[in-house]
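Remember, predicted model here, so these are calculated numbers, not experimental data. Count residues from 1 along the sequence.
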Amino acid sequence: MNSPINLFEYEQLAKAHLSQMAFDYYSSGAWDEITLKDNRTAFTRIKLRPKMLVDVSEINLTTKVLGEPLQFPLLIAPMAFQCLAHSDGEMATASAAASAGVGMVLSTLSTKSLEEVATVDNGLQWFQLYIHKDRGLTRALVERAYTAGYKALCLTVDAPVLGKRERDQRNEFTLPPGLHPANLTKISGLDIPQEKGESGLLTYFAQQINPALTWKDLEWLQSLSPLPLVLKGILRGDDAVRAVEYGAQGIVVSNHGGRQLDGAIASLDALPEIIAAVDGKAEVLLDGGIRRGTDILKALAIGAKAVLIGRPVLWGLAVSGQEGVSDIISLLKDELTTAMALSGCASLQDIDSTLVIRNW
């Protein structure tokens, strides 16, 4: 294949660069992968209503998220174990994001430490947090993120236990020799176990992640640092209201890429209810299924402030490291620019709900 010209072609190329275990880990969803597929299908149910005879000779994509400037309404979603795709892992992803002027959310389960990734200059970085049963460990992660200069805590709320990903179970997923969750092994000795007939990550969650987390625990979490709190994994309007009541400044509408509760609503389908429930009291972002610039345009028209992308970044990383991630971002940016021009939107402020219609 010649140089890939879209994100789907990157996925096809990535298969040749990854082990079967790594590719399945990155690409799989829970159980029958219904929600995984529906995240993409949801975008086909939304149609665009372009405006004509608008001056679109210059397109402005700049925005701010939680007060921080972005050149393009995009953040890299938190994804674990990026060194499975390329030896530079999260460092390459962070460098590509910073160069493009987009944000990055670093996973608790990264294979480069949060301090290493924070050395990338000029990048907007948030730290994604799993709350462990060991409160001291959780406190240490928050304090390290604040000290390192991360701009927000992004708490994943949809994983009290790990969804059953049967491809990982079949492969008995674990990290290969030499790779470890860098934020955890250095301070606690935690690692991903190797389990006969089971995913080591599922075992890790069962042993280490706190399934008793409730809304009241957010008060404790916010007492640990002055960082703004973003909740990732909200799919209901009433939960969005509670998030605001408990001090969240941002919400990521997400079903964890279809990797947790199979049969859950597609992120895009959940977005309108959450936008209405929040009523401007917090910034709302969308994660799940973004593969084209038109997908971003539709999410913004429904009310999202920005979007997050996950798996395509891993495909770019696997194919050619930082250069591949940069190309993934560039492809989406170019596609959004074209889609906005063809829709009569010269800036993000011109995008509103009149631009879309749901086609059932």
Side-chain angles (χ1 to χ4, degrees), residues 1-4 6-41 76-93 96 107-112 159 161-182 184-185 190-207 255-262 287-291 309-325 327-328:
M1 185 184 293
N2 295 326
S3 297
N6 60 51
L7 275 57
F8 301 104
E9 291 185 357
Y10 262 104
E11 180 174 0
Q12 293 304 309
L13 280 176
K15 291 181 180 180
H17 294 263
L18 295 167
S19 69
Q20 189 66 52
M21 179 183 288
F23 182 80
D24 283 347
Y25 169 69
Y26 288 150
S27 63
S28 63
W31 282 322
D32 298 312
E33 302 186 343
I34 294 168
T35 299
L36 172 65
K37 298 179 182 73
D38 201 37
N39 274 347
R40 279 297 307 140
T41 305
I76 307 300
M79 294 170 288
F81 313 141
Q82 292 184 31
C83 284
L84 281 173
H86 190 279
S87 59
D88 293 336
E90 292 86 0
M91 295 297 290
T93 301
S107 172
T108 288
L109 297 174
S110 60
T111 38
K112 298 289 185 182
V161 298
L162 200 69
K164 194 75 168 182
R165 305 163 195 172
E166 293 180 349
R167 285 195 259 172
D168 286 349
Q169 181 181 6
R170 188 174 299 112
N171 293 331
E172 297 180 359
F173 173 80
T174 191
L175 293 178
L179 286 189
H180 307 278
L184 303 170
T185 53
L190 295 180
D191 212 336
I192 305 303
Q194 187 161 9
E195 291 288 309
K196 187 69 175 175
E198 190 50 87
S199 161
L201 186 60
L202 186 141
T203 301
Y204 178 90
F205 264 67
Q207 292 174 346
N255 54 39
H256 214 109
R259 292 161 72 79
Q260 284 297 98
L261 176 64
D262 198 28
D287 167 70
I290 298 287
R291 297 294 184 272
I309 58 166
R311 292 179 178 91
V313 169
L314 299 171
W315 310 145
L317 189 63
V319 170
S320 53
Q322 181 179 336
E323 181 181 348
V325 178
D327 196 36
I328 291 289

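- A distance of 6.5 Å separates CG in L201 from CG in L109, rounded to the nearest 0.5 Å.
- Nearest approach of D191 to H180, heavy atoms of both residues: OD2-ND1, 2.5 Å.
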Legend entry - Derivation of the side chain to side chain contact (heavy atoms under 4.5 Å, CB included) call for M79 and L317: CA-CA 12 Å; M79 294 170 288; L317 189 63; over 6 Å; no

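- When atom types are taken as modelled, the side chain of R311 and the backbone of G257 share a donor-acceptor pair closer than 3.5 angstrom.
- Listed by chain and residue number, D24, E33 satisfy the salt bridge (charged side-chain N to carboxylate O under 4.0 Å, His left out) test with R167 (two or more places apart in sequence, or in another chain).
- Considering only residues two or more places apart in sequence or on other chains, E195 meets the side chain to side chain contact (heavy atoms under 4.5 Å, CB included) condition with P193, E198, T203.
- With contacts defined as side-chain heavy-atom distances shorter than 4.5 Å, the pair Q322/D88 does not qualify.
- To the nearest 0.5 Å, atom CZ of residue R165 and atom OG of residue S27 are 11.5 Å apart.
- Atoms CZ and NZ, on F81 and K112 in that order, are 14.5 Å from each other to the nearest 0.5 Å.
- Counting heavy atoms from C-beta outward, I309 and I76 have side chains that approach closer than 4.5 Å.
- The side chain to side chain contact (heavy atoms under 4.5 Å, CB included) with M21 is formed by just one residue from the set L84, N171, D168, L175; it is N171.
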Inset, instruction - Carefully, step by step, assess F23 and E11 under the rule side chain to side chain contact (heavy atoms under 4.5 Å, CB included). - result: CA-CA 10 Å; F23 182 80; E11 180 174 0; 4.3 Å; yes

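- Contact check for L7 versus W315: no side-chain heavy atoms found under the 4.5 Å cut-off.
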Inset, instruction - May I have the step-by-step check of side chain to side chain contact (heavy atoms under 4.5 Å, CB included) for F173 and L202, ending in yes or no? - result: CA-CA 9 Å; F173 173 80; L202 186 141; over 6 Å; no

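- In this structure, a donor-acceptor pair under 3.5 Å is absent between the side chains of S110 and Q82.
- Annotation: cation-pi geometry satisfied between R259 and Y25 (NZ/CZ under 6.0 angstrom from ring centroid, within 45° of ring axis).
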Inset, instruction - Begin with the C-alpha distance, continue with both residues' side-chain angles, and end with the deciding distance and a verdict on side chain to side chain contact (heavy atoms under 4.5 Å, CB included) for F8 and Q12. - result: CA-CA 7 Å; F8 301 104; Q12 293 304 309; over 6 Å; no

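- Environment of CD in Q207: crowded, with over 12 heavy atoms of neighbouring residues, nucleotides or ligands closer than 6.0 Å.
- Residues E90 and C83 form a side-chain contact, since some pair of their non-hydrogen atoms from C-beta on lies under 4.5 Å apart.
- Of the residues listed (N39, D287, T35), the one engaging N255 in a side chain to side chain donor-acceptor pair (under 3.5 Å) is N39, and it is the only one.
- Within a 6.0 Å sphere centred on CD of E172, other residues, nucleotides and ligands contribute more than 12 heavy atoms.
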